[in-house]
Every structure is written in structure tokens, then in C-alpha cells.
Amino acid sequence: MFEWIVENVWILWLVLFLVLAAIESLTLDLFFLMLSAGSLAALIATFLGAPFVLQVVVFCVVALLMIAVVRPIALKHLKKGPREQRNNIERLIGETAMTLEPVTGNSGLVKLGGDTWSAKTADGSSVEAGQRVSVSRIDGATAVVHALRSTDSETRIQ
């Protein structure tokens with residue numbers, strides 16, 4: 001049995017390639033796709049007659065290079081695009097919200113996009129209820145906000 005596996009190690013790389021590609025189709029994070037590219041490179045190395053140790057090295061090197069070099073570039077290009085194509089969380093960044101209660105560096109509530117969100121200020125300052133704020137980022141289910149200047153407060157709330 002072991003001899004069959006050694007002689008047909010290409011099947012291992014093919015199965016690994018397909019499994020990682022399938023996982024990527026579920027996660028859509030471009031991480032497993034990079035690992036899948038590494039297993040494809042190892043599969044090619046197998047067909048070129050490389051020993052198993054070299055195949056593993058090829059897998060590791062190609063996967064790490066893909067994760068370190070290609071993935072950040074691909075993610076940057078995926079996130080670039082029209083505002084309408086962003087996901088729900090990305091759309092909220094930069095939006096204005098109305099504070100429903102005082103917002104501090106630890107807690108508060110804002111009305112954002114028609115929903116009530118827990119909120120905190122980015123710099124630890126305090127914003128009174130009824131003030132307009134801008135969303136800096138989203139941490140889990142908490143909107144991190146900062147107070148708008150008086151000229152910015154004329155911005156329309158959606």
C-alpha cells in the first residue's frame with residue numbers, strides 16, 4: 001500500500017489542490033486559493049520527476065510567496081471599486097450617524113443607516129446625544145466614530 005502511495009503521489013497533490021480550491025469557494029478569502037496554487041506547483045514538480053522532499057519544498061515556497069506577494073495585491077484590487085459594489089460593513093465607513101445617547105471611548109448608541117448600533121469614539125473623547133458623527137471603522141458590532149466639525153454636520157444622514 002505504501003509503495004502505491006509513493007508511486008502515485010501525484011494523486012495526493014491533485015486531491016489537495018481540489019480540496020483547497022473547494023474550501024476557497026466557501027471562504028472567498030483568497031488564502032486557500034494561494035495554498036491550492038502551491039499544491040498545483042507541487043503536482044507539476046511531480047510530473048517533472050522531482051523527489052517527494054523537493055515537491056514539499058516547492059509546495060511550501062510557492063504557497064508562502066503567493067500568500068505574501070499575490071494575496072495582498074489581489075485583495076487590494078478586489079476592494080477597489082465603486083461604492084455600490086462594497087459589502088455592507090465597508091459601505092458604512094465614512095457614513096454619518098446620529099448619536100442616540102452620549103458616546104464615549106467605551107460605549108454609546110448611534111443611529112446608522114436606519115439601524116441602531118453600539119458605538120464608541122476612536123480617540124476616547126465624548127460626544128453628546130443628538131450630535132452627528134462619522135464612522136471611522138467597524139469593530140465587530142461596534143461602530144467606531146468621531147465627532148464631525150460644524151461644517152461637516154450639514155452632511156446628509158441616510
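Everything numeric here is computed off the predicted structure, so don't read it as measured data. Along the sequence shown, the residues carry numbers beginning at 1.
Summarising the geometry of Asp123 relative to Ser125, their closest heavy-atom pair is OD1-OG, 2.7 Å, with the distance given to 0.1 Å. A pairwise comparison of heavy atoms in Gly94 and Ser134 identifies O-OG, 3.8 Å as the closest pair. For Phe59 against Gly38, the heavy-atom pair with the smallest separation is CD1-C, 3.2 Å.
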Tell me which donor-acceptor pairs under 3.5 Å the side chains of residues 98-110 have, and how far apart each pair is, sequence neighbours excluded?
unit_1, atom_1, unit_2, atom_2, d
Thr99, OG1, Glu128, O, 2.7
Thr99, OG1, Gly130, N, 2.9
Thr99, OG1, Gln131, N, 2.9
Thr99, OG1, Gln131, O, 3.2
Thr104, OG1, Asn106, N, 3.2
Thr104, OG1, Ser107, N, 3.2
Thr104, OG1, Ser107, O, 3.3

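A search for side chain to side chain donor-acceptor pair (under 3.5 Å) contacts involving Ser126 returns nothing, not counting sequence neighbours. Partners of Val9 according to the side chain to side chain contact (heavy atoms under 4.5 Å, CB included) rule, which considers only residues two or more places apart in sequence or in another chain, are Leu12, Trp13, Thr46, Phe52, Gln55. Contacts of Asp139 classified as side chain to side chain donor-acceptor pair (under 3.5 Å), with partners at least two apart in sequence or in another chain: Arg137. Residues that satisfy the side chain to side chain contact (heavy atoms under 4.5 Å, CB included) test with Ala41, not counting sequence neighbours, are Val58, Val62.
Here the side chains of Trp117 and Ile138 are in contact, with some heavy-atom distance below 4.5 Å. Inter-residue side-chain proximity for Val133 and His146 is flagged as unmet; no heavy-atom pair is nearer than 4.5 Å. Counting only heavy atoms from C-beta outward, the side chains of Val144 and Lys120 approach each other to under 4.5 Å. Side-chain contact between Thr96 and Leu148 is present, with at least one heavy-atom pair separated by less than 4.5 Å.
Taken from CG in Leu35 to CG in Leu30, the straight-line distance is 11.5 Å, to the nearest 0.5 Å.
Residues Leu20 and Ile11 share a hydrophobic cluster, clusters being chains of Ile/Leu/Val/Met/Phe/Trp/Tyr side chains in contact below 4.5 Å.
Sorted by first and then second residue, the side-chain hydrogen bond (donor to acceptor under 3.5 Å, both in side chains) pairs with a member in residues 23-40 read Asp29-Arg71; sequence neighbours excluded.
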